[in-house]
Every structure is written in C-alpha cells, then in structure tokens.
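This report concerns only the one structure given below.
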There are 2 protein chains.
Amino acid sequence: MTVSRVLRHSGDVSEKTRAKVLEAAKRLGYVPNRIAGGLASQRVNLVGVIIPSLSNMVFPEVLAGINEVLEDTPLQPVFGLSRYDPPHEEKVLFEMLSWRPSGLIVTGLEHSEASRAMLRAAGIPVVEILDLDGEPIDSVVGISHRRAGAEMARAIAGAGYRRIGFLGTKMPMDHRARKRFEGFTGALARAGLEIVDQEFYSGGSGLEKGREMTRALLDRHPDLDFLYFSNDMIAAGGLLYCLERGFDVPGKLGLAGFNGIELLSGLPLRPATMDIQRREIGRRAAQIIADCVEKGLPGKGERVALTPRIDPGHTLRADLARCGQAVRDQV
Amino acid sequence: MTVSRVLRHSGDVSEKTRAKVLEAAKRLGYVPNRIAGGLASQRVNLVGVIIPSLSNMVFPEVLAGINEVLEDTPLQPVFGLSRYDPPHEEKVLFEMLSWRPSGLIVTGLEHSEASRAMLRAAGIPVVEILDLDGEPIDSVVGISHRRAGAEMARAIAGAGYRRIGFLGTKMPMDHRARKRFEGFTGALARAGLEIVDQEFYSGGSGLEKGREMTRALLDRHPDLDFLYFSNDMIAAGGLLYCLERGFDVPGKLGLAGFNGIELLSGLPLRPATMDIQRREIGRRAAQIIADCVEKGLPGKGERVALTPRIDPGHTLRADLARCGQAVRDQV
DNA sequence: CTGAAAGCGCTAACAT
DNA sequence: ATGTTAGCGCTTTCAG
C-alpha cells in the first residue's frame with residue numbers, strides 16, 4: 001500500500017501522509033523486510049565480493065575502494081573468502097549467487113570450471129580483479145603481474161645487480177605471485193641473467209618469515225647482490241635482518257618487494273617495491289558494477305588495465321639505477 | 001514439492017527420486033533462491049558482524065575466529081563496517097536487520113540509543129565483543145580494557161620505570177583505547193606516579209606515525225624512561241626510531257604496546273605488549289550465536305571474560321621486572 | 001513417500 | 001494521491 005511508497009521515497013505521496021507513516025514507522029521501530037522486498041521486486045542491492053583472505057593487507061584496501069564508491073549508491077557489498085582454494089571459492093560463490101546479488105567482484109582469473117559456468121550463467125555483471133593475464137568472464141580490472149615481474153627484473157638488471165635471489169610464497173595457490181615470478185625470470189633471461197637461488201614458504205607472510213628466509217638464502221649464498229621478495233612484508237623482514245647483520249644495504253645488497261604497502265615507509269630504509277593501486281582497483285571495479293546496475297546491463301565486458309609504478313625506495317634510486325654497478329660501488 | 005525436500009536433505013525421499021532431482025538440478029545449473037526460502041521459512045542463516053574497520057589488523061583476526069566456528073554450522077557471516085562512528089553503525093545495523101539475520105555480533109558496548117533499541121527489539125542473539133566495561137545488551141565476550149591498562153601500568157611501575165610517556169589515538173572515537181588509558185593512569189596514580197607527557201594522533205596507525213610521535217615526545221622529554229603506546233603498530237614505529245637514534249632500549253628506555261600482533265616478533269627487539277586473544281574472542285562469540293540458533297533461544301545473556309596476558313617482550317622481562325631499577329641499570 | 005495448497009511480507013501494476 | 005490485487009519462489013502443513 002501507500003506505506004511501501006513512502007518508505008521507498010518513490011511515487012507520489014502527500015506530505016501529510018508521508019509524515020504520518022514515517023512517524024508511525026519510527027515509533028514502532030519498524031525495520032523493512034528486504035527478504036520479502038527482494039522477492040517481490042526480483043532484485044536485491046547486494047554486490048558480492050570474493051577475495052582470497054583478509055590477512056594480507058592487500059585485500060582490505062581493495063575493499064575500502066569498493067566501499068568508497070558503493071556508498072554513493074544503493075548497493076551494498078557482501079564479502080566472502082575463497083582462501084586461495086578453488087573448490088572453496090566455488091562453495092562461497094554458490095552461496096552468494098543464492099542471494100541473487102546485483103553484481104559480483106571476484107579475485108583473479110583462475111576459477112573452477114563450475115565457478116566459471118555459474119558466473120556466466122548468473123546474468124549479472126561480474127568483475128574479476130587484480131589480474132589481467134588470462135581470459136576474463138566479463139569485465140576485468142587489474143594489472144599484468146607478468147609485466148610487473150618483468151619490469152622489476154629490468155629495473156634491477158638495469159641498476160647493475162647481477163647475483164639475484166628470489167624469496168616468495170609457494171605458488172601453486174597464488175597465481176598472481178606465480179605470474180610475477182614467471183615475468184621476472186623471463187625478463188632476467190632476456191638480459192642474460194638467471195636467479196642464483198630461491199627460497200619458498202607457505203602460510204601467512206610476516207616479518208619473521210622474511211627474516212628466516214633471508215637468513216637461509218644468504219647463508220647459502222653470501223655473495224648475492226639482490227633479493228627480490230614476492231611481497232613487501234617479507235621484504236621488510238628481510239631488510240631488518242640484513243641491517244641487523246650489518247649487510248651493506250643498499251650499497252652491496254639491494255632489496256625489492258611488491259605491493260607498495262604503507263608499512264615500508266616506516267622502515268629505516270625502504271626496499272624498492274611496486275604499487276599496484278589496490279584502492280583504485282576496488283574503486284574501478286565497483287564503478288563498473290554500479291554503472292551496469294544503473295543501466296540495467298548484465299555486464300559490459302570492460303577491461304581496465306592499470307599500470308603499476310616502480311617505487312625505487314632507497315634501493316633502486318634513479319641516480320643509481322641509471323649508472324649501474326660502477327656508481328653503486330662508490331656509494 | 002518434493003524437490004525442495006531433497007535439496008534441503010530433509011524428510012523422507014526415496015533414493016530414486018532424490019537422485020533424479022539432484023541430477024536435474026546439476027544439469028540445469030540450478031541455484032536455489034534463498035530470498036524466497038528465507039521469506040517462506042522466516043529464517044535466514046546469516047550472522048551479521050559489525051566491526052569498526054578492516055585497516056587495523058585486529059579485526060581480521062576476530063573475523064577469522066568467527067569464520068572458524070561458523071564453518072561447522074549452516075550459519076554464514078556477513079560483515080559491516082561502523083567506522084568508529086555511531087550514526088554510521090546505526091545505518092549499517094539497520095541494513096543488516098532488514099535481512100533478518102539469525103544473530104548479530106557487534107564491536108564494543110557503546111552504541112547510539114536507537115541502535116541499542118534495534119538490537120534489543122530484534123529478538124535474536126546479540127554478542128558484543130572486545131570489551132567488558134559497560135552494560136551489555138545480551139551476551140558479551142572480551143576483556144576489560146580498564147584492567148588491561150591498569151595491569152600494564154603496574155608491570156611498568158613494578159619494573160622500576162618512573163618517567164612514563166603515553167602515545168595513542170585521539171580517543172573520542174575509540175572507547176577501548178580510552179578505557180585502557182583511564183585504567184593505565186588510574187593505576188599509575190595509585191602507585192604515586194603520573195604520566196609525564198602524552199602525544200595523540202588520529203587516522204590509521206602505521207609505523208611512520210609511531211616514529212613521528214616518538215620523536216616529538218622524546219624531543220620534548222629526552223629523560224623519559226618508558227613509552228606506553230596504545231597499539232603495537234605505533235609501538236613498532238617508535239622502537240625503530242629509538243634504535244636508529246641509539247636510545248638504549250630496553251636498558252634506559254622501555255616500550256610497551258597493545259594487541260600482541262604478530263609483526264612484533266619480527267622486530268630486532270620486542271616491546272612489551274598484551275595479547276587480547278582476538279581469534280578466541282571471535283570463536284567464543286560465534287559459538288554463542290551458534291548455540292542460541294541451534295536451541296532456538298533469542299539470546300542467552302552470557303558473559304565471557306577473557307584474561308589478557310602481558311607479553312614482556314624484551315622490555316619487561318620477568319628477571320628485570322622483579323628487581324626494578326637497580327637491575328635495569330646493570331644491564 | 002509424494003503432491004497440493006496456503007502463505008511468508010513485500011512490490012508492481014492497475015484501479016479508484 | 002491512495003487503495004487493491006496478484007504474485008515473487010520457496011517452505012510448511014496437511015492430504016493422499
């Protein structure tokens with residue numbers, strides 16, 4: 001009846017009745033039932049967001065970006081965690097879809113076949129985020145991790161470093177880390193270089209892990225002149241270890257991480273890193289969904305390629321990078 | 001009809017029909033519509049979780065605990081962010097309630113009057129988490145921040161420190177930080193001590209913030225012998241600053257933070273801290289909801305008081321703490 | 001064991 | 001500007 005109209009601020013209602021209804025609603029503590037509403041109107045203003053984990057520092061920022069734009073719309077984000085595990089992602093996705101959301105934002109381009117089928121069949125806008133290297137289902141916004149890895153390799157090689165070690169996650173689970181690694185080694189190869197040694201770990205990334213891995217690697221190869229970490233947290237741990245042990249950073253030993261997390265700027269010395277604009281990725285993805293919902297499109301197949309920037313930190317400072325080994329030795 | 005029965009694994013269905021239905025469902029890519037289901041059954045297996053923010057490292061761990069126990073139940077968590085802002089919390093809460101969740105977990109005991117009214121009227125189990133100092137609406141699981149602050153004060157005073165500085169968030173927003181501060185200063189007063197000076201900040205906590213504040217405070221009072229930070233992240237920043245500047249930590253200058261975050265264990269030296277068992281808090285809260293839902297209770301008014309433990313780090317090591325100033329001077 | 005019927009609390013379309 | 005009516009896709013209850 002009329003009540004519904006005023007509560008939804010739609011249609012023509014006289015000022016008087018509107019006031020009366022609002023008053024009654026407040027007095028009774030009325031909370032509308034969106035379940036019924038959604039069923040009747042065949043749409044719910046929910047946007048499902050599936051990310052691998054929250055313990056990463058990366059994803060909360062993406063969520064912040066998503067929130068930021070959805071707040072100016074009637075849409076509401078709902079989160080689910082895939083744990084870097086396709087079968088689990090499938091389950092979460094199924095749950096989400098059973099709520100008939102207006103749109104979906106999922107991490108990465110790798111999904112189980114069933115997940116891809118569901119996504120395609122859902123008839124709603126789907127945005128895959130954070131990665132560009134692969135076949136998107138509908139829209140995609142992110143960076144090319146292969147290229148990111150390659151660029152870092154070129155910067156490092158260009159700065160004159162030659163004996164490079166790699167430290168990162170065991171990669172079966174994390175496709176983006178794997179692509180970065182591939183891009184990295186590929187570009188090194190083209191520069192006639194090869195990783196001297198590597199060290200892998202699994203589990204959450206913490207400073208401590210970074211320390212341990214760095215120690216292990218440097219114990220095996222004290223002559224390394226560069227350490228490339230697959231994320232900033234372990235890079236920070238590695239840096240602290242190196243400083244403690246008196247390694248000459250960045251003079252004789254360069255460090256680089258990945259992600260551009262804020263933590264780095266608090267360290268005594270900043271490893272190089274690469275900012276992937278997590279917040280912007282969230283914003284753009286949400287914007288695509290919002291556009292589609294507004295226009296009633298079931299997706300728009302947009303591709304937003306963001307460009308990660310190398311942050312040289314104190315390791316790849318431009319003046320050093322330009323001149324290579326010779327200059328570095330003078331420092 | 002029968003289909004509904006097999007999909008819900010309930011009631012008596014012959015093996016043959018069950019198989020037939022399942023096959024058809026899979027073939028058609030059928031995803032049940034929980035909106036209709038929820039409306040019909042008048043219940044939804046959603047648990048609303050409202051936390052202030054994700055950028056804090058504290059809350060993701062609580063969420064992990066919640067997830068952990070809800071995974072063994074049919075319940076599903078749904079997150080909302082209150083941004084430390086009661087009016088916004090009210091809005092988020094209203095949204096959540098409009099989905100008629102089976103239970104609610106909210107952070108803290110301070111809510112707007114309207115929020116409290118909604119919570120009470122919802123007729124579902126409500127668990128307030130992370131704080132104990134105040135009047136709960138229904139159940140509560142957390143620690144007493146007043147006591148936590150007081151205990152840290154006693155430990156610091158007991159270890160012989162006398163010229164104590166405080167560094168923390170501007171507290172209008174964060175009630176738990178405020179209570180800690182009150183407990184801290186109260187206990188110091190009882191020991192005949194007083195904070196020499198303090199430094200406040202607002203905005204996200206990062207290493208950098210910790211550095212800046214520490215510098216400001218130590219510039220004003222180079223003779224401080226202890227710095228109590230309102231969280232571990234700024235404590236870590238402070239530590240790095242002190243080490244860089246060659247302050248004799250922990251010999252002449254002790255440091256303590258709060259939260260027991262993993263980051264600390266990667267630092268060259270660990271400030272004292274207090275572990276509040278965030279994950280356990282999440283687990284217990286979720287368990288209460290799950291119990292109530294299973295038994296059909298609209299709440300059980302349970303009170304779970306967890307005891308935070310002081311982690312002395314390298315600053316309040318027991319051997320030093322016992323003997324006070326004299327011993328510290330020998331170190 | 002399976003089918004039929006009656007809603008759940010709303011919205012949308014159509015009267016008035 | 002307001003009231004009326006017919007579902008939305010399920011679950012629940014009650015009959016076969």
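Because only heavy atoms are used, hydrogens play no part in the values below, and waters and symmetry mates are left out as well, while side chains stay in. Throughout, protein chains are lettered first and strands after them, A, B, ... in sequence-line order, and every chain is numbered starting at 1.
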Which residues satisfy the salt bridge (Lys or Arg N to Asp or Glu O under 4.0 Å) test with B/Asp138, sequence neighbours excluded?
->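 Partners of B/Asp138 under the salt bridge (Lys or Arg N to Asp or Glu O under 4.0 Å) test: none.
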Apply salt bridge (Lys or Arg N to Asp or Glu O under 4.0 Å) to B/Glu113 and list each qualifying residue two or more places apart in sequence or on a separate chain.
->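 If we apply the salt bridge (Lys or Arg N to Asp or Glu O under 4.0 Å) test to B/Glu113, skipping adjacent residues, the hits are B/Arg120.
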Are OP1 or OP2 of D/dA1 and a side-chain N or O of A/Thr17 less than 4.0 angstrom apart?
->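 No.
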Give a yes/no on whether any side-chain N or O of B/Tyr30 is located under 4.0 angstrom from OP1 or OP2 of D/dG9.
->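 No, B/Tyr30 has no side-chain N/O under 4.0 Å of OP1/OP2 on D/dG9.
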Grab the [atom1]-[atom2] distance between [X] and [N] for me, whole Å please.
| X | N | atom1 | atom2 | answer |
| --- | --- | --- | --- | --- |
| B/Trp99 | C/dC10 | CH2 | P | 13 Å |
| A/Leu28 | C/dG9 | CG | P | 15 Å |
| A/Arg34 | D/dG9 | CZ | C1' | 20 Å |

5'-most by nearest nucleotide on DNA chain C - A/Arg43 or B/Glu15 |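 On the 5' side of the pair lies B/Glu15.
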Would you kindly compare A/Ile35 and B/Ser14 by the position of their nearest DNA chain C nucleotide and give the one closer to the 5′ end?
->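 This one resolves to B/Ser14.
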Check the angle between the aromatic planes of B/Phe79 and A/Phe79 and answer parallel, tilted or perpendicular using the 30° and 60° thresholds.
->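 It falls in the parallel class, under 30°.
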Please round to 10 degrees the angle between the axis of the first five pairs and the axis of the last five pairs in the helix from C/dC1-D/dG16 to C/dT16-D/dA1.
->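 The two end axes of the helix from C/dC1-D/dG16 to C/dT16-D/dA1 meet at 30°.
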In Å, rounded to the nearest 0.5 Å, how long is the span from CD1 of B/Ile66 to CG of B/Leu75?
->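 It is 12.0 Å, given to the nearest 0.5 Å.
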Rounded to the nearest 0.5 Å, what separation is found between the CE atom of B/Met173 and the CZ atom of B/Arg83?
->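 Going from the CE atom of B/Met173 to the CZ atom of B/Arg83 covers 11.5 Å.
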Let me know which of B/Asp131, B/Asp174, B/Asp133 forms a salt bridge (Lys or Arg N to Asp or Glu O under 4.0 Å) with B/Lys179.
->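 Among B/Asp131, B/Asp174, B/Asp133, the one meeting salt bridge (Lys or Arg N to Asp or Glu O under 4.0 Å) with B/Lys179 is B/Asp131.
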Summary of side-chain hydrogen bond (donor to acceptor under 3.5 Å, both in side chains) pairs that have at least one residue in residues 57-68 of chain A, sequence neighbours excluded |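 Checked against side-chain hydrogen bond (donor to acceptor under 3.5 Å, both in side chains) - neighbours excluded - the pairs reaching residues 57-68 of chain A are A/Glu61-A/Arg278, A/Glu68-A/Arg279, A/Glu68-A/Arg283.
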side-chain hydrogen bond (donor to acceptor under 3.5 Å, both in side chains) contacts touching residues 286-301 of chain B (sequence neighbours left out) |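 Residue pairs with at least one partner in residues 286-301 of chain B: B/Gln287-B/Asp291, B/Asp291-B/Lys300, B/Lys300-B/Glu302.
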Check nucleotides 6-8 of chain C against the protein and report each pair of N or O atoms closer than 3.5 Å, with its distance, or say if there are none.
unit_1 : atom_1 : unit_2  : atom_2 : d
C/dC8  : O3'    : B/Gln42 : NE2    : 2.8
C/dC8  : O2     : B/Leu39 : O      : 3.3
C/dC8  : O2     : B/Ala40 : N      : 3.0

